[in-house]
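The block underneath contains the structure these notes are about, expressed in structure tokens.
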Amino acid sequence: MAALNLQYLQQLGEYMSSGNMLEDFENSPEERRHEMLEFLETLMDIAELADETATKMIFKNSQMGTLLGLSDQK
């Protein structure tokens with residue numbers, strides 16, 4: 001099982017909201033810029049998966065979950 005690291009996510013959020021990530025992007029060579037964009041694309045994909053997972057976790061055994069077709073999913 002993967003470890004959940006809330007502190008890392010908070011630090012990442014601060015890195016982005018502070019403007020430091022944008023500054024690093026602007027001052028990085030092309031290869032690093034590509035790496036940063038790929039990182040963000042993967043992060044957005046994971047955020048979408050997190051939203052889907054949270055919905056399943058919250059509503060799985062509820063009346064709303066039944067309406068959403070989540071009751072029989074693992």
Side-chain angles (χ1 to χ4, degrees):
M1 178 172 91
L4 303 177
N5 191 334
L6 183 58
Q7 183 179 11
Y8 174 73
L9 290 177
Q10 291 168 334
Q11 290 171 343
L12 182 59
E14 175 61 28
Y15 178 53
M16 289 187 281
S17 67
S18 69
N20 289 337
M21 187 174 203
L22 179 58
E23 183 178 331
D24 287 348
F25 180 82
E26 292 170 347
N27 296 310
S28 292
E30 193 65 31
E31 185 175 314
R32 176 69 175 152
R33 287 180 176 202
H34 177 72
E35 181 181 334
M36 293 173 78
L37 290 173
E38 188 173 344
F39 178 88
L40 289 174
E41 183 176 350
T42 302
L43 182 61
M44 289 184 284
D45 291 343
I46 292 169
E48 186 175 315
L49 180 58
D51 183 49
E52 292 171 10
T53 302
T55 299
K56 290 175 186 176
M57 291 168 68
I58 294 166
F59 295 113
K60 181 179 178 185
N61 295 316
S62 69
Q63 190 173 29
M64 179 62 91
T66 301
L67 292 172
L68 295 172
L70 301 175
S71 296
D72 295 330
Q73 294 182 2
K74 293 182 180 181

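Here the structure is a predicted model, which is why all the values come from computation and not from measurement.
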Taking side-chain contact (heavy atoms from CB on, under 4.5 Å) as the definition, give me every residue that meets it alongside S17, ordered by chain and number, with sequence neighbours left out.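 E14.
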Could you tell me which residues satisfy side-chain contact (heavy atoms from CB on, under 4.5 Å) with D51, sequence neighbours excluded, listed by chain and number?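 Scan of D51 (side-chain contact (heavy atoms from CB on, under 4.5 Å), adjacent residues dropped) gives T55.
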Using atom types as modelled, flag every donor-acceptor pair under 3.5 Å from a side chain in residues 37-46 to any protein atom, sequence neighbours excluded.
residue, atom, partner, partner atom, Å
T42, OG1, E38, O, 3.0

When you look at CG of L49, are more than 12 heavy atoms from neighbouring residues, nucleotides or ligands closer to it than 6.0 Å?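 Counting other residues, nucleotides and ligands, CG of L49 exceeds 12 neighbours.
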With a 6.0 Å cut-off (strictly less than), is the heavy-atom count around CD of Q7, excluding the residue itself, greater than 12?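 No.
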With rounding to the nearest 0.5 Å, note down the distance linking CZ in R33 to CG in N27.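 The CG atom of N27 is 8.0 Å from CZ of R33, to the nearest 0.5 Å.
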Working to the nearest 0.5 angstrom, can you tell me the gap between E26 CD and D24 CG?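 CG of D24 is found 9.5 Å from CD of E26.
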Taking all heavy atoms of M36 and all of S28, pick out the closest pair and write down the distance.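 Smallest interatomic distance, heavy atoms only, reads SD-OG, 4.2 Å.
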Applying side-chain contact (heavy atoms from CB on, under 4.5 Å) between Y8 and each of L6, L4, N5, report the one that passes.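 Output: one option passes, namely N5.
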Is there a path of hydrophobic side-chain contacts, each under 4.5 Å between heavy atoms of I, L, V, M, F, W or Y residues, that connects F25 with Y15?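 Linked, F25 and Y15 end up in one cluster.
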